[in-house]
Number of protein chains: 4
Amino acid sequence: MSDTTRSRAILATASRLFASRGYSRTTTAEIAREAGVAEGTLYHHFGSKDGIFLTLFDETMEGYLAGIEGILARGAAGRETLSAFTRFHFDYVSLRKEQYLILLRDFPVHLTVEHFAGGSPQRKKLDRVTKLFSRILARGKADGTLHLPFPVRETAEMLRGSFYGATRLKMLDLIQTPFPRLARMMESYWLKALGPSQTPRAIPAAPSIAPSPAPGRRRRSR
Amino acid sequence: MSDTTRSRAILATASRLFASRGYSRTTTAEIAREAGVAEGTLYHHFGSKDGIFLTLFDETMEGYLAGIEGILARGAAGRETLSAFTRFHFDYVSLRKEQYLILLRDFPVHLTVEHFAGGSPQRKKLDRVTKLFSRILARGKADGTLHLPFPVRETAEMLRGSFYGATRLKMLDLIQTPFPRLARMMESYWLKALGPSQTPRAIPAAPSIAPSPAPGRRRRSR
Amino acid sequence: MSDTTRSRAILATASRLFASRGYSRTTTAEIAREAGVAEGTLYHHFGSKDGIFLTLFDETMEGYLAGIEGILARGAAGRETLSAFTRFHFDYVSLRKEQYLILLRDFPVHLTVEHFAGGSPQRKKLDRVTKLFSRILARGKADGTLHLPFPVRETAEMLRGSFYGATRLKMLDLIQTPFPRLARMMESYWLKALGPSQTPRAIPAAPSIAPSPAPGRRRRSR
Amino acid sequence: MSDTTRSRAILATASRLFASRGYSRTTTAEIAREAGVAEGTLYHHFGSKDGIFLTLFDETMEGYLAGIEGILARGAAGRETLSAFTRFHFDYVSLRKEQYLILLRDFPVHLTVEHFAGGSPQRKKLDRVTKLFSRILARGKADGTLHLPFPVRETAEMLRGSFYGATRLKMLDLIQTPFPRLARMMESYWLKALGPSQTPRAIPAAPSIAPSPAPGRRRRSR
DNA sequence: GATGAATGAGTGTTCATTCAT
DNA sequence: TATGAATGAACACTCATTCAT
């Protein structure tokens with residue numbers, strides 16, 4: 001059995017077990033046993049139980065980030081890119097439900113604290129997500145296909161929160177709507193939210209300089 | 001020291017400790033010591049460490065649900081109610097950051113599995129959130145202030161996911177945008193997303209996956 | 001509710017619970033709850049959990065001892081008294097299976113050590129059993145209806161061990177033979193064991209003065 | 001220190017401690033400390049405190065069963081085999097008083113319930129004892145050296161109960177008669193009980209519950 | 001690299017008992 | 001007498017990690 005085989009066996013087993021009974025309920029002994037390796041082997045390859053988790057995290061995130069980058073690389077307009085991202089996002093998490101479940105459900109709090117800090121590789125990956133959202137939005141803003149009454153980065157953070165939250169609640173079975181429908185809704189509503197302002201006559205006037213006056217007024221009109 | 005005092009001391013201490021070092025890193029011995037009671041007293045009142053957590057969960061959720069119900073009770077139009085909810089939501093989690101942090105960050109996976117199941121009191125509370133979202137949206141749909149191209153319940157689930165996700169990422173410090181700004185953005189974007197359609201004839205159509213031609217033309221208008 | 005009623009309720013409940021799940025698996029909280037009294041009440045009446053057990057022990061033993069004494073008081077011959085005792089013993093334990101189960105199965109080791117010592121009331125009751133066995137045997141020896149090649153007291157101890165062991169194994173379900181049959185066998189075999197010596201010609205010779213020479217020789221004749 | 005050494009050290013220490021202060025009064029921490037191993041090692045080897053106990057049980061029983069089988073293998077007549085068994089039994093428990101004390105005194109009730117059930121290895125061992133008793137009796141019945149007015153299996157169960165009870169009461173110090181004397185008595189009385197009938201015509205009769213008239217007349221002959 | 005026996009600090013939980021009311 | 005909230009010492013068991021082979 002080559003190293004690679006052993007490593008893959010460990011990762012595959014860990015992924016399955018984490019998904020089925022949660023990170024903290026899975027023991028290293030179990031992973032070793034079901035992967036058919038000795039417990040010490042886990043430590044040779046990954047250093048610690050957390051190390052296994054972080055490797056899975058990295059791999060899943062890598063694929064996710066690469067996917068988004070691929071979409072951006074197509075060079076489509078911002079609006080279209082946002083559409084394509086939405087479809088990609090839900091396809092990705094649907095097809096890799098196990099991996100995403102782990103990421104979204106199990107990320108241990110202590111890892112959050114330790115590894116979401118400052119310049120950890122994990123934190124960097126997470127920040128890249130926001131950056132990619134920002135690039136999508138910035139492109140749309142630049143090409144006029146998306147209208148942002150708020151700064152790009154802030155909007156990107158909020159948008160990312162929305163996708164994250166809807167996906168996580170779905171993963172936790174707190175949402176009944178099936179994934180494909182969720183994808184369609186997210187696409188439709190966000191395209192509208194980031195589309196031209198609601199009042200037709202407002203469109204030609206001030207396309208996207210600032211929050212359109214009409215909604216702005218209404219918001220605090222009470 | 002009355003019963004209530006003791007119980008409150010335990011809950012307050014547990015809340016503080018859970019928030020500061022996470023649920024699993026907090027020991028029952030610590031809670032007891034810092035609350036000034038015997039360890040057995042924890043079990044007398046709450047049955048288990050999980051029981052303490054779930055009590056905190058229930059109390060925080062109770063206040064949250066009551067707040068939303070209060071807003072609905074005002075009888076304002078759907079659109080205005082959604083606005084009010086948005087402000088309430090971010091005020092609530094800002095003011096009770098500790099409690100919400102616990103709920104959003106620490107909810108242990110094993111509790112998720114055990115207590116989000118079917119008819120648990122916790123699950124019921126969570127489902128009530130979706131129902132309240134649905135009531136807001138249904139009101140807006142009825143009075144014409146909100147426009148939903150998708151079913152009320154599904155939209156409510158997605159909307160809830162968005163609020164949840166943005167809030168959780170903020171709690172995890174993965175979002176830099178400050179809470180008030182996050183609140184304003186969520187309000188603004190969602191009001192627009194649920195506002196009157198950009199072009200009336202687009203509503204009945206399936207959510208367009210391809211970017212609509214009109215905005216596409218307008219790009220680079222900046 | 002009078003004291004007596006409360007005490008009886010506690011004893012009855014404890015007896016039932018001890019029998020169904022064992023002494024150590026039964027908690028004072030359970031006893032109190034199911035008896036419908038406060039936990040403190042247990043301690044007012046019996047001082048401790050062990051106190052409840054010992055009270056049950058005493059009551060069961062009292063009935064048992066009184067039964068044997070009643071049989072002895074009839075003044076029948078030793079052999080007949082032994083017969084009557086056998087029947088009484090198995091009737092008693094059959095009819096009060098719950099109580100006897102507790103005595104025979106659950107007597108906690110620490111109580112054994114503490115309360116079987118020297119002059120404890122419990123130890124005295126146990127010693128009275130042996131004394132009553134001795135009285136039966138002594139009567140039989142005196143009236144010639146029982147033949148003991150060994151001292152009365154030693155034979156009594158062994159006899160008691162036999163009854164005790166057969167009964168305990170039956171209580172533990174390690175013996176399949178039903179109680180009535182067990183009773184008949186014990187009676188039959190022990191009457192024979194304590195009957196006139198096997199060799200017919202030995203009977204008229206030396207009825208019961210000393211161990212008959214024949215069996216004595218045979219024992220080590222190998 | 002080899003595996004075997006460690007395991008043996010744990011078993012030897014546990015045996016000593018169980019015998020001296022009882023199973024439930026012995027803590028796993030004590031066993032580990034006195035055996036010179038880490039507490040985790042106990043669990044590595046035996047899985048639980050109960051596991052240690054059951055291992056001791058198995059080993060003691062194994063030796064006991066092997067001893068009886070050895071006696072049967074000699075091929076002696078049934079009566080002689082019963083004699084030999086009696087001597088073996090009391091020798092065995094005398095020489096291994098510690099182990100037998102544990103088995104006879106400490107077997108925890110919860111283990112009784114869990115491990116005496118149906119097909120457990122422990123139950124099987126206990127049932128083998130009865131089977132070996134049956135083989136002894138069956139041999140004696142076949143070769144005419146033992147006389148059983150009751151079925152072999154039932155007699156075996158009762159006989160086993162007798163040996164068990166006398167031994168247990170001795171272990172609990174409720175019997176004063178020393179072991180060797182106890183052995184002689186058991187041998188003598190049971191050989192007689194299973195010997196040829198006193199009066200040939202009494203054999204076919206049902207075990208007389210009423211005292212036989214002849215001895216009855218003889219009473220008060222002292 | 002691979003092993004797996006050994007580790008031992010750490011933890012949630014139990015429960016008989018007490019005592020102020 | 002009766003209560004039951006409070007107690008706190010005690011304990012079995014866990015499990016990520018190490019290290020000699």
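Just so we're on the same page: letters track the sequence lines, and every chain starts at 1.
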Qualifying residues under ring pair (Phe, Tyr, Trp, His ring centres under 6.0 Å), relative to [X], sequence neighbours excluded:
X     : result
D:Y64 : D:F88, D:H89, D:Y92, D:Y100
A:F46 : none
B:F57 : B:F107

Given [options], the nucleotide with the shortest approach to the side chain of [X]:
X     : options               : result
B:A38 : F:dG8, E:dG8, F:dC13  : F:dG8
B:T28 : E:dA6, E:dG12, F:dA16 : E:dG12
C:R6  : E:dT7, F:dA16, F:dA2  : F:dA2

[atom1] of [X] versus [atom2] of [N]: gap in Å, rounded?
X      : N      : atom1 : atom2 : result
D:R8   : E:dA5  : CZ    : P     : 18 Å
A:I52  : F:dA16 : CD1   : P     : 9 Å
D:H110 : E:dT14 : NE2   : P     : 16 Å
C:F46  : E:dT17 : CZ    : C1'   : 16 Å
D:I10  : E:dG8  : CD1   : C1'   : 14 Å
D:L42  : F:dC15 : CG    : P     : 17 Å
D:R33  : E:dA6  : CZ    : C1'   : 19 Å
A:L111 : F:dA16 : CG    : P     : 13 Å

Short of 4.0 Å, heavy atom to strand atom, which residues of residues 20-27 of chain D count as contacting DNA chain F?
D:T26, D:T27
What pairs with A:T27 under side-chain contact (heavy atoms from CB on, under 4.5 Å), at least two apart in sequence or on another chain?
A:A29, A:E30
B:D173: partners by salt bridge (Lys or Arg N to Asp or Glu O under 4.0 Å), with sequence neighbours left out
none
By salt bridge (Lys or Arg N to Asp or Glu O under 4.0 Å), D:K124 pairs with (sequence neighbours left out) none
All pairs passing salt bridge (Lys or Arg N to Asp or Glu O under 4.0 Å) where residues 96-105 of chain D contributes a residue, at least two apart
none
Any side-chain heavy atom of D:Q99 sitting closer than 4.5 Å to one from D:L103?
no
Side-chain contact test, heavy atoms from C-beta onward, threshold under 4.5 Å: evaluate it for A:T41 versus A:R6 and give yes or no.
yes
Any salt bridge between B:E59 and B:K125, counting N to O under 4.0 Å?
no
Got a list of protein N/O to nucleotides 18-20 of chain E N/O distances below 3.5 Å?
none

Its dot-bracket string being built from Watson-Crick and G-U pairs below 3.5 Å, with | for another strand and [ ] for crossing, DNA chain F has the pattern .||||||||||||||||||||
Please list residues of residues 53-61 of chain C whose heavy atoms come under 4.0 Å from any atom in DNA chain E, ordered by number; otherwise none.
none
Using 30° and 60° as the class limits, which term best fits the ring planes of D:F53 and D:Y23: parallel, tilted or perpendicular?
perpendicular
For B:T28 and B:E39, does a side-chain donor sit closer than 3.5 Å to a side-chain acceptor?
yes
Taking side-chain hydrogen bond (donor to acceptor under 3.5 Å, both in side chains) as the test, write out the residues that go with B:H110, two or more places apart.
B:D50
For F:dA6, does either OP1 or OP2 sit under 4.0 Å from a side-chain N or O belonging to B:H45?
yes
Look at the side chain of B:K49 and the backbone N and O of B:Y43, then say whether any donor-acceptor pair between them is shorter than 3.5 Å.
no
